[in-house]
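Each ligand, and each atom within it, is numbered from 1 in the order the structure gives.
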Amino acid sequence: MSKQISLSRYLVEQQRVDGLIPAQLRLLLEVVARACKRISYSVNKGELGDVMGSAGSENVQGEVQKKLDIIANEVLIDANEWGGHLAAMASEEMEGIYVVPNRYPQGEYLLMFDPLDGSSNIDVNVSIGTIFSVFKKPEGHPGVTEQDFLQPGNQQVAAGYCVYGPQTTLVLTVGDGVAMFTLDRELGSFVLTRDNVRIPEDTKEFAINMSNMRHWDAPVKRYIDECLAGTQGPRGKDFNMRWIASMVADVHRILSRGGIFMYPWDQREPNKPGKLRLLYEANPMGWLVEQAGGAATNGRQRILDIQPTKLHERVAVVLGSKNEVERVTAYHNEQS
Ligand code: P6P
């Protein structure tokens, strides 16, 4: 039987061999993984547990919360607040930051997460996931404030997601490439199933919500029109389209076989730069994609270089196979 490497062993080796992750960060990542395992069990219960449907409340984004949105958020808060590795947390589902209560030791890390991304898919049994991003708390002042969370994505020390699909798979980077761990339900642990994940630089597969076509800006229309023109058009090859409407599932496909994912600015809400969240979706996914040899921009600049101005900042997202992202970005920059 091939030697199975657990997530815990992988993290110990990253800590010991490469000196990449301090013990406190290793502990944090193991706690997040256990929380994701717990969320996976709730997700998998479906109709058998009291976890489906709406919670009858709205989140800070004004979106109707699903019961599982709230369950996942509470699992992550409860799992992480006592360990001594965190100073505070921020969630897509919460308006402000959650400072670790004084009854627990304060740590040096900040954890941000979208507890259950793609939750509109929960009730129809389509893959959903948890996205997380880790920063160090800025030094030089006591306590922690919202301002401490407003760091550009290039300052992340760890990022990842857990996709709850046919398999429950945790995907992680600590700055030394991307690794994938599949949950072995018999063992109850995450086992390394792919290491050094690489995204092909070219692709024939794009992911975008085509129903928004009439609202797109010209560079996006140009790029998609060229893909749709196929072998008769300037690209000289046919493209396929996928849109799961669950960023975690779409990004997992791109990390697994290449592709380009786009949620661009559109004129439906012209004052919003985009639909997706910078801190909870674009930064962690952008770093994972870059660590796997892909690229991630907002159409004009590298996502990880964007300086956030508020916790729930939104951003346009173009990420995936490097050559395609560079083409879309070039089209935008030619425009202005
Ligand atoms: P639309 C899920 O709500 C999400 O935030 C992402 O996971 C997903 O890519 C996108 O929104 C789907 O948006 O407009 O196609 O429903």
Side-chain angles (χ1 to χ4, degrees), residues 36 39 43 52-55 57-73 76 90-94 112-133 159-165 169 171 205-217 220 224 241-256 259-270 272-289 294 296-299 303 311-320 325 328:
C36 290
I39 293 166
V43 167
M52 302 289 270
S54 167
S57 53
E58 284 189 354
N59 64 16
V60 63
Q61 331 278 345
E63 298 162 333
V64 172
Q65 288 181 304
K66 301 282 191 178
K67 286 179 185 172
L68 268 171
D69 282 324
I70 295 174
I71 291 168
N73 197 65
L76 283 158
S91 166
E92 183 187 295
E93 295 298 328
M94 300 188 303
M112 304 168 208
F113 47 81
D114 179 354
L116 207 58
D117 179 71
S119 49
S120 60
N121 285 314
I122 293 172
D123 300 337
V124 294
N125 200 11
V126 169
S127 299
I128 50 184
T130 298
I131 309 172
F132 59 91
S133 171
Y161 63 82
C162 192
V163 54
Y164 311 117
T169 301
V171 181
E205 198 159 64
F206 66 87
I208 194 167
N209 183 335
M210 292 292 283
S211 70
N212 300 329
M213 181 181 278
R214 64 187 183 282
H215 305 302
W216 295 337
D217 201 357
V220 175
I224 296 297
M241 194 212 92
R242 288 286 183 272
W243 188 249
I244 306 174
S246 180
M247 187 184 196
V248 170
D250 281 314
V251 170
H252 192 71
R253 183 189 60 253
I254 287 168
L255 280 168
S256 301
I260 181 170
F261 170 98
M262 301 168 71
Y263 211 114
W265 169 94
D266 69 49
Q267 60 192 4
R268 288 177 294 171
E269 295 184 276
K272 272 187 186 175
K275 169 177 183 179
L276 302 181
R277 289 77 173 187
L278 177 57
L279 273 61
Y280 312 107
E281 293 166 318
N283 273 341
M285 292 310 204
W287 196 30
L288 282 165
V289 164
T297 75
N298 64 358
I303 281 179
L311 268 186
H312 299 287
E313 183 160 334
R314 294 180 185 249
V315 67
V317 176
V318 179
L319 62 75
V325 173
V328 174

Q.
As an exercise, state the distance from CG of L68 to CD1 of I122, rounded to the nearest 0.5 Å.
A.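 One finds 4.5 Å between CG of L68 and CD1 of I122.
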Q) Rounded to the nearest 0.5 Å, how far does OG1 of T130 lie from CG of D114? A) 7.5 Å
Going by the atom numbers of ligand 1, which of them fall below 4.0 Å from some non-hydrogen atom of [X]?
X: N209; value: 1 (P), 14 (O), 15 (O)
X: R277; value: 5 (O)
X: S246; value: 7 (O)
X: G118; value: 2 (C), 7 (O)

Q. So Y164 and C36, side-chain contact (heavy atoms from CB on, under 4.5 Å) or not? Walk me through it.
A. CA-CA 9 Å; Y164 311 117; C36 290; 3.6 Å; yes
Got the closest protein heavy atom to [atom], with its distance?
atom: atom 1 (P) of ligand 1; value: K275 NZ, 3.6 Å
atom: atom 14 (O) of ligand 1; value: Y263 OH, 2.6 Å
atom: atom 8 (C) of ligand 1; value: M247 N, 3.7 Å
atom: atom 5 (O) of ligand 1; value: E281 OE2, 3.3 Å

Residue-level breakdown please: for [X] versus ligand 1, do any non-hydrogen atoms fall below 4.0 Å on the side chain, on the backbone, on both, or on neither?
X: D250; answer: neither
X: R268; answer: neither
X: F261; answer: side chain

**Q.** Main-chain N/O of I70 paired to N73 side chain as donor or acceptor, under 3.5 Å
**A.**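 Side chain of N73 to backbone of I70, a donor-acceptor pair under 3.5 Å: no, none is there.
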Q. Are the aromatic ring centres of W243 and F206 under 6.0 angstrom apart?
A. no
Q: Indicate yes or no: does D250 engage R253 in a salt bridge with an N to O separation below 4.0 Å.
A: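 Salt bridge present between D250 and R253.
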Q: For V317 and E281, run side-chain contact (heavy atoms from CB on, under 4.5 Å): C-alpha distance rounded to whole Å, both residues' side-chain angles, the deciding distance at 0.1 Å, then the answer.
A: CA-CA 9 Å; V317 176; E281 293 166 318; over 6 Å; no
Q.
Quick check on S120 - does any of its heavy atoms sit under 4.0 Å from an atom of ligand 1?
A. no
Q.
Is the ring pair Y280/H312 parallel, tilted or perpendicular, if the boundaries are 30 and 60 degrees?
A. tilted
